[in-house]
Amino acid sequence: MEASYDPQAVESRWYQVWEDAGVFKPEINPDGEPFSIVIPPPNVTGVLHIGHALNMSIQDVIIRRKRMQGYAALWLPGTDHAGIATQNVVERDLAKEGLSRHDLGREQFIEQVWSWKAKHGDRIKEQVRRLGFSTDWSRERFTLDDGLSDAVGHVFVELYNQGLIYRGERIINWCPRCHTALSEIEVEHENEVGELTHIRYDFTDGSGSVVVATTRPETMLGDTAVAVHPDDDRYKDVTGKTVTIPLIGREVPVVADVGVELEFGTGAVKVTPAHDALDFEISQRHNLPAIKVIDTEANITEAGGEFFGQDRFEAREAIHHALKKQGYIVEVEDHHHSVGHCSRCGTVVEPMLSLQWFVKVEPMIEPSVAPIKDGRARFVPQRWENNYFRWMENLRDWCISRQLWWGHRIPAWYCDACDETIVSVEEPAACTSCGHGSLRQEQDVLDTWFSSQLWPFSTMGWPEETEDLAKYYPTDVLVTAYDIIYFWVARMMMMGVHFTDTAPFQDIVIHGLVRDADGRKMSKSTGNAIDPFDIADEYGADALRLALLQSAAPGHDIPLNIEWIDAARRFGNKVWNAVRFTLNHVEAGSVPAAGGYPTEPGPADAWILSRLGEIITEYDRLLDEYRFSDAVGLLYNFAWSEVFDWYLEMAKTSLRDEAAAATTRQTLGVVIRDLLALFHPVIPYVTEELWHELVGDGLVAAASWPIPSGNTAPTGIDELQSLIVSLRRFRAEHGLSPKRSIDVLIDDPDATAAPWWQDQFTALANVDAVYDGPPAAVAGHTRVTAGKIQAFIPLAGLVDVEAERPRLQKAIAESEKMLERSQAKLDNPNFADRAPAEVVAGEEQRVTEMSAKLEKLRTQLAELV
RNA sequence: GGGUGUUUAGCUCAGUUGGCUAGAGCGCUUCCCUUACAAGGAAGAGGUCAUCGGUUCGAGUCCGGUAACGCCCACCA
């Protein structure tokens with residue numbers, strides 16, 4: 001073995017081995033209880049970013065541990081076709097050649113996207129492998145696969161037949177750049193400062209005017225009314241009158257509607273039903289016409305008269321000027337409001353009346369909230385359920401049609417002759433109504449999330465009743481970042497409950513977003529994005545995974561510091577070297593893959609085995625609670641500060657003792673082996689490599705999960721460690737070389753210091769100790785203590801008396817402070833009465849110990865000559 | 001406007017049924033190349049746990065108010 005760990009060499013070695021051995025297939029544990037996770041499918045033409053790395057690291061920890069625990073553990077991988085995102089990418093590519101998708105035509109364009117998919121889909125697979133994620137590739141899925149497309153068709157038709165999908169004219173969000181409708185959640189609202197323009201609309205009968213306030217003057221071209229609140233005293237007499245819209249001269253009514261906010265603006269609102277959701281509602285209640293004045297390019301339509309053809313923002317300026325010139329503008333004030341942008345391209349979206357397909361969500365809300373409310377499924381951390389509830393309760397119909405080419409084409413056909421709409425999985429041979437008209441299929445495709453929402457069961461073969469579906473559905477855990485709870489989790493819940501009568505997952509583990517060291521969101525445009533593969537190349541995939549998991553406190557964002565990754569890398573080296581040390585004493589390949597604990601361990605062995613047992617129990621508990629950061633931190637600190645810093649040093653001592661060497665070697669082997677197994681889900685590569693060195697046969701990836709050995713710690717271990725630390729500290733404070741052996745006289749009234757104890761003390765504290773009780777004359781000595789054990793140190797020739805005085809004074813001050821604190825508690829009668837007995841006993845013990853210690857220290861100080 | 005999160009060591013963060021003498025990594029100081037590891041070892045300095053008030057024998061931890069920063073949602077014409 002090399003003296004230092006080289007991640008690159010090791011990490012290129014194992015993935016293929018795991019795959020060839022079929023480790024990632026649940027069939028490796030044929031009798032195991034099923035356990036399943038479906039991966040949140042990344043965009044097929046994208047690349048994995050650090051957020052994916054976090055997301056998948058968490059899932060891998062869960063699934064690898066379950067596998068080692070003997071479950072038939074399935075982690076199902078796959079990718080999403082990501083409609084708009086992918087289409088945009090390919091279109092951008094075409095644009096470089098001066099082409100648009102229309103130049104290619106629908107079929108050719110789709111072919112083009114498929115070839116992109118072929119190229120980039122493989123790249124994602126490579127990346128998933130590079131980071132060591134243990135997905136079952138034999139079950140890989142893609143949302144546009146035949147099977148998944150069948151599921152989509154099936155769901156669409158079923159929902160349509162149940163009246164839960166309908167086609168209708170509604171106000172939708174239109175992206176003039178992507179040329180498609182968007183759902184509510186694909187619109188990002190950003191706060192902006194705009195102008196609130198107060199415009200005078202004169203009554204047609206010449207009896208005065210009403211002033212309306214708007215942030216979008218250009219929409220006045222499509223106004224078909226002015227609305228006021230029915231209870232608004234200011235406008236009591238105006239309802240029923242008509243006003244003439246400036247510039248275009250149309251005469252429109254003033255209506256009273258409760259949708260109008262009394263407090264806002266002037267209390268009177270211009271009504272543009274074709275370009276505003278509220279206005280559309282008002283128009284429905286008052287039978288007002290809707291006039292489209294902005295087209296799909298965001299230009300003014302012919303209905304806009306002289307402004308025809310202008311871009312909406314140009315038109316805003318032009319109309320403002322025209323109004324001003326003619327004296328219609330009463331006031332312009334700055335106004336803070338939020339403006340919707342396309343989440344894919346950032347273009348300001350245009351609310352627009354449009355004929356689209358919708359999912360009627362209302363009937364599905366209650367059933368999809370119920371599993372969370374009654375505990376059949378739960379969010380971890382739980383607080384996310386409130387967001388989920390609130391969102392579900394305010395849900396409005398979901399616009400699912402997209403004017404794109406890349407995606408599942410809506411399975412609806414229209415008859416040219418009789419206008420019938422036929423919705424069917426298979427293309428109908430003839431019109432089901434008139435029987436003779438020619439049919440044309442709907443051009444639109446479905447929102448990407450329409451197929452993603454079926455992912456947990458469509459990937460398992462639904463609607464067919466497959467073995468996988470029966471065995472692995474519903475899934476056990478869903479791991480996802482909080483930013484797609486609405487997009488994805490809520491909808492999966494809706495569809496899962498609706499079509500399979502069960503929540504599609506039990507535990508919904510929510511994690512945060514990975515941010516940069518300053519807490520900013522990582523993005524390509526800010527240039528602060530950290531590429532996980534650069535990290536993997538430089539530090540190793542294991543280091544990346546360890547660093548991410550160490551920081552993964554439930555539901556919180558993670559600022560990623562390169563120092564953490566560097567520290568994680570050093571940990572890999574540390575483990576590497578611990579194994580190297582072990583192999584100096586334990587024959588390579590001789591450690592059994594499980595069990596093998598010594599029946600009569602030496603004291604130090606018993607101690608580390610007992611600690612290991614405690615750690616395993618606690619580690620399991622934390623992992624079961626999805627507290628990855630705590631779990632990994634626990635194991636990390638145990639490995640480093642207890643096993644490496646203490647046990648390995650103690651092993652060096654006992655290995656010199658022939659009688660103790662055998663169990664020490666045995667313990668060394670199994671403890672390090674168990675550490676490798678426990679760490680394997682977190683850092684799979686280095687542990688696999690080291691397992692190979694230490695255990696030889698088999699793979700840690702397929703090994704069994706460690707269980708506590710049941711050892712208990714020997715007496716005296718705490719005193720031993722404490723006294724060693726005290727000696728080292730004494731040495732450091734007096735600037736004594738660690739190499740200089742110190743003579744000590746030990747007073748050990750309870751005879752705690754057994755021979756093994758004495759050996760360890762001698763070696764680790766570097767002392768020459770005599771166990772004859774206190775010296776006859778304590779004068780000229782100082783001492784360090786641990787429990788009842790005192791070590792007397794002759795000062796002559798070692799330390800100047802005056803240098804020892806402040807050390808003792810400091811120690812006295814510390815002890816006094818603690819004694820005071822405890823005494824104060826005990827002096828409070830309420831404390832003794834109301835605190836639990838064990839807490840009170842703890843304080844009492846502390847007082848006893850501190851008093852004894854203080855007394856010794858004071859004596860010591862007095863005796864210092 | 002509604003909701004929600006954060007505020008703990010110089011920096012980045014843990015701290016889940018209230019008992020903490022408040023931890024980790026990095027950084028800092030001192031000593032040590034002790035044959036597993038200098039990507040290391042030993043020892044140490046550094047915190048009125050944002051703030052005010054409350055509950056409690058006891059509060060970083062629970063409750064209420066305030067401030068700053070952040071995020072999400074909203075038919076803010």
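Each chain gets a letter, A, B and so on, in the order its sequence line appears, and its residues count up from 1.
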Strictly below 4.0 Å: does [X] bring a side-chain N or O up to OP1 or OP2 of [N]?
{"X": "A:W640", "N": "B:rG41", "result": "yes"}
{"X": "A:R729", "N": "B:rG44", "result": "yes"}
{"X": "A:K739", "N": "B:rC33", "result": "yes"}

request  = Quickly work out the A:F389 CZ to B:rC73 C1' distance and round it to whole Å.
outcome  =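 Taking atom C1' of B:rC73 as the reference, CZ of A:F389 is at 17 Å.
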query = Roughly, in whole Å, what's the span from NZ in A:K652 to P in B:rU35?
reply =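 Between P of B:rU35 and NZ of A:K652: 8 Å.
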From the set [options], return the single nucleotide nearest to any side-chain atom of [X].
{"X": "A:R570", "options": "B:rU6, B:rU21, B:rG25", "value": "B:rG25"}
{"X": "A:N584", "options": "B:rA74, B:rG25, B:rA36", "value": "B:rA36"}
{"X": "A:R821", "options": "B:rC75, B:rA77, B:rU21", "value": "B:rU21"}
{"X": "A:R846", "options": "B:rA42, B:rU21, B:rG5", "value": "B:rU21"}

task = Report yes or no: do A:D223 and A:T272 form a side-chain donor-acceptor pair below 3.5 Å?
result =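 There is such a pair between these side chains.
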ask   = Quick one: the side chain of A:S4 and the base of B:rC37, do they pair up donor-acceptor inside 3.5 Å?
value =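 There is none.
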message = Need the pair for B:rC20. Rule: Watson-Crick or G-U wobble, both distances under 3.5 Å, any strand; none if unpaired.
response =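 Looking at the geometry, B:rC20 pairs with no nucleotide.
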